[in-house]
Amino acid sequence: MGGRPAADGPDGATWLAALPRLIDECVDQWGLLLDGTPTHGQCALVIPCRWQGQDVVLKVTWPHPEARFEHLALRRWNGRGAVQLVAADPTRSALLLERLDRSRDLHALPIMQACAALGGLYRELDAAPVARVADLPTEAARWARECRAGSPRVPRRMTEQAASLLRDLGPGSREDLVHTDLHYANALAAQRAPWLAIDPKPINGEWEFAVAPALWNRWEEALQADSVRAHLRTRLEIVCDVAGLDRDRARGWSFVRLVLNALWEAEKTPPDQDALSCYISAAKAMQE
């Protein structure tokens, strides 16, 4: 976290230095009683708390564009298929959330059962778009330019195909509120539902765009399969069948997102070669 560059806000080291003060301000603002061991991911600290007799968590996030409208998405879903938002302070990138079971996520299920669970969450989360959240056609136009620019580390035929698909898929996108990062670690067990989504990175678009993280996560299991292509396509088909999605559009969007991930990874100094290989191999599995 400390090495993260600024992204429309403080760099990681500056944010970490201010984090104790931010937590104290949130505790005072909401009248919280700290109630457990904090946990963290790549960009946020999560602290169990008691609030007005309820078990909740305080989530304080390093400010970055992908997390800017998390509170708006959670407010739209209002606990249907997702963690319940209790309160939000966007100026501090702080959320007060329903407490879920952080010890149990979809890694607890066999991979194909986990894919079915993801598809079920897509259906529950289906909702109208939210103003201020980015829309998929606009983003697709920007991504097409990135694909046309390409990278020497990513096969040119892939980036050209991705740019072509973005021109075809983007304008035809529906207008739904979509969780673009719903994978096996971002669905936690809860008392009121088997699984609830967390950490939304929202976009206004179509749910076919959301399938790709189900492919590149739990990658080791794909590598252990007799055929990576058949294994990943089965994942995609299960998610689409349960969620009622168009398989061809899901496969197209998944290819695009995998190529984009490869391009973004290739820009790093140095790139993670294992991650780059994962994205390129998975993209090949989505090609006809």
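Nothing fancy with the numbering, it's 1 onward along the sequence.
- Taken together through direct or relayed side-chain contacts under 4.5 Å among Ile, Leu, Val, Met, Phe, Trp and Tyr, Leu106 and Val46 form part of one hydrophobic cluster.
- Asp181 pairs by the side-chain hydrogen bond (donor to acceptor under 3.5 Å, both in side chains) definition with Asn186, not counting sequence neighbours.
- Between Met158 atom CE and Leu165 atom CG the span is 12.0 Å, to the nearest 0.5 Å.
- Side-chain atoms of His40 do not come within 3.5 Å of backbone N or O of Pro38 as any donor-acceptor pair.
- Using a cut-off of 4.0 Å between Lys/Arg side-chain N and Asp/Glu carboxylate O, Glu267 and Arg153 are scored as not salt-bridged.
- Rounding to the nearest 0.5 Å gives a distance of 4.0 Å between CZ of Arg247 and CD of Glu237.
- Looking at every heavy atom in both residues, Cys26 comes nearest to Leu32 through O-CD1, 3.9 Å.
- Identified under the ring-ring contact (aromatic ring centres under 6.0 Å, His included) test for residues 67-114, with sequence neighbours left out: none.
- For Trp216 and Phe255, the ring centers sit 6.0 Å or farther from each other.
- Summarising the geometry, atom OH belonging to Tyr184 is positioned 11.5 Å from atom CG belonging to Asp105; distances are rounded to the nearest 0.5 Å.
- Two different hydrophobic clusters hold Trp62 and Leu95 under the rule that ILVMFWY side chains link at heavy-atom gaps under 4.5 Å.
- Linking Ile, Leu, Val, Met, Phe, Trp and Tyr residues whenever their side-chain heavy atoms come within less than 4.5 Å leaves Leu45 and Leu97 in two separate clusters.
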Would Gln161 and Thr159 satisfy side-chain contact (heavy atoms from CB on, under 4.5 Å), going step by step from the backbone distance to the final call?
CA-CA 5 Å; Gln161 183 181 353; Thr159 57; over 6 Å; no
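- Glu70 pairs in a salt bridge (charged side-chain N to carboxylate O under 4.0 Å, His left out) with only one of the listed residues (Lys59, Arg76, Arg75), which is Lys59.
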Applying side-chain contact (heavy atoms from CB on, under 4.5 Å), run through His231 and Leu223 and close with a yes or a no.
CA-CA 9 Å; His231 176 87; Leu223 293 178; over 6 Å; no
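- Smallest separation of non-hydrogen atoms from Gly79 and Leu196: O-CD2, 4.3 Å.
- Under a hydrophobic clustering in which Ile, Leu, Val, Met, Phe, Trp and Tyr are joined whenever their side-chain heavy atoms come within less than 4.5 Å, directly or via other members, Leu74 and Trp30 fall into different clusters.
- Looking only at side-chain heavy atoms (C-beta outward), Arg218 and His183 stay at 4.5 Å or farther from each other.
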Would you sort out whether Leu263 and Asn261 count as a side-chain contact (heavy atoms from CB on, under 4.5 Å), showing the intermediate values?
CA-CA 5 Å; Leu263 286 172; Asn261 278 5; over 6 Å; no
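- Counting only heavy atoms from C-beta outward, the side chains of Leu188 and Val83 never approach each other to under 4.5 Å.
- For the pair Leu245 and Trp253, the minimum side-chain heavy-atom distance is 4.5 Å or more.
- Val256 has its side chain out of reach of Val259: every pair of non-hydrogen atoms, C-beta onward, lies at least 4.5 Å apart.
- The line from NZ of Lys268 to CD of Glu265 is 4.0 Å long, rounded to the nearest 0.5 Å.
- In terms of the salt bridge (Lys or Arg N to Asp or Glu O under 4.0 Å) criterion, residue partners of Glu288 (sequence neighbours excluded) are, by chain and number, Arg251.
- Considering Leu33, Val56, Leu34 in turn, Leu33 is the only one that fulfils the side-chain contact (heavy atoms from CB on, under 4.5 Å) rule with Arg50.
- Cluster annotation: Ile111 is connected to Trp195 through the hydrophobic network of ILVMFWY side chains, with a link wherever side-chain heavy atoms come within less than 4.5 Å.
- For the pair Leu96/Trp51, a side-chain contact is recorded, criterion being any heavy-atom separation below 4.5 Å from C-beta on.
- The number of heavy-atom neighbours closer than 6.0 Å to CD of Glu66, taken from other residues, nucleotides and ligands shown, is 12 or below.
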Go through the steps for Leu232 and Trp219 under the test side-chain contact (heavy atoms from CB on, under 4.5 Å), then give the verdict.
CA-CA 9 Å; Leu232 293 182; Trp219 181 244; 3.7 Å; yes
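- With hydrogens and angles disregarded, no donor-acceptor distance shorter than 3.5 Å links the side chain of Thr14 to the backbone of Pro10.
- Here the side chains of Gln54 and Arg99 are not in contact, with every heavy-atom distance at 4.5 Å or above.
- In this structure, Leu215 CG and Ser254 OG are separated by 5.0 Å, a value rounded to the nearest 0.5 Å.
- The distance from the CG atom of Leu136 to the OG1 atom of Thr180 is 10.0 Å, given to the nearest 0.5 Å.
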Cut-off 3.5 Å, no hydrogens considered: what does the side-chain donor-acceptor table look like for residues 120-133, sequence neighbours left out?
unit_1 : atom_1 : unit_2 : atom_2 : d
Tyr122 : OH     : Ala210 : O      : 3.0
Arg123 : NH1    : Val242 : O      : 3.2
Arg123 : NH1    : Ala243 : O      : 3.4

With a 3.5 Å cut-off and sequence neighbours excluded, list the donor-acceptor pairs that the side chains of residues 270-285 form with protein atoms.
unit_1 : atom_1 : unit_2 : atom_2 : d
Asp272 : OD1    : Asp274 : N      : 2.9
Asp272 : OD1    : Ala275 : N      : 3.1
Ser281 : OG     : Ser277 : O      : 2.9

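- Taking 4.0 Å as the cut-off between side-chain N and carboxylate O, Glu208 and Arg174 count as a salt-bridged pair.
- Among all heavy-atom pairs drawn from Ala87 and Leu85, the shortest one is O-CD1, 3.3 Å.
- Between Ala117 and Leu109, the shortest heavy-atom distance links the atoms CB-CD1, 4.4 Å.
- Under a 4.0 Å N-O distance rule, the pair Asp24/Arg21 does not qualify as a salt bridge.
- Remark: Arg233 engages no residue in a side-chain hydrogen bond (donor to acceptor under 3.5 Å, both in side chains) (not counting sequence neighbours).
- Listed for the Ser173 side chain is a donor-acceptor partner under 3.5 Å among the backbone atoms of Leu169.
- In terms of heavy atoms, Ala222 sits closest to Arg235 at N-NH2, 3.7 Å.
- Side-chain contact between Leu260 and Cys147 is present, with heavy atoms from C-beta onward closer than 4.5 Å.
- The closest donor-acceptor contact from the side chain of Asp89 to the backbone of Thr91 lies under 3.5 Å.
- A salt bridge does not link Arg157 to Glu160: none of the charged side-chain nitrogens sits closer than 4.0 Å to a carboxylate oxygen.
- Closest approach of Leu58 and Cys49 over heavy atoms only: CB-SG, 4.0 Å.
- Using a 4.5 Å heavy-atom threshold, the side chains of Leu258 and Met286 count as touching.
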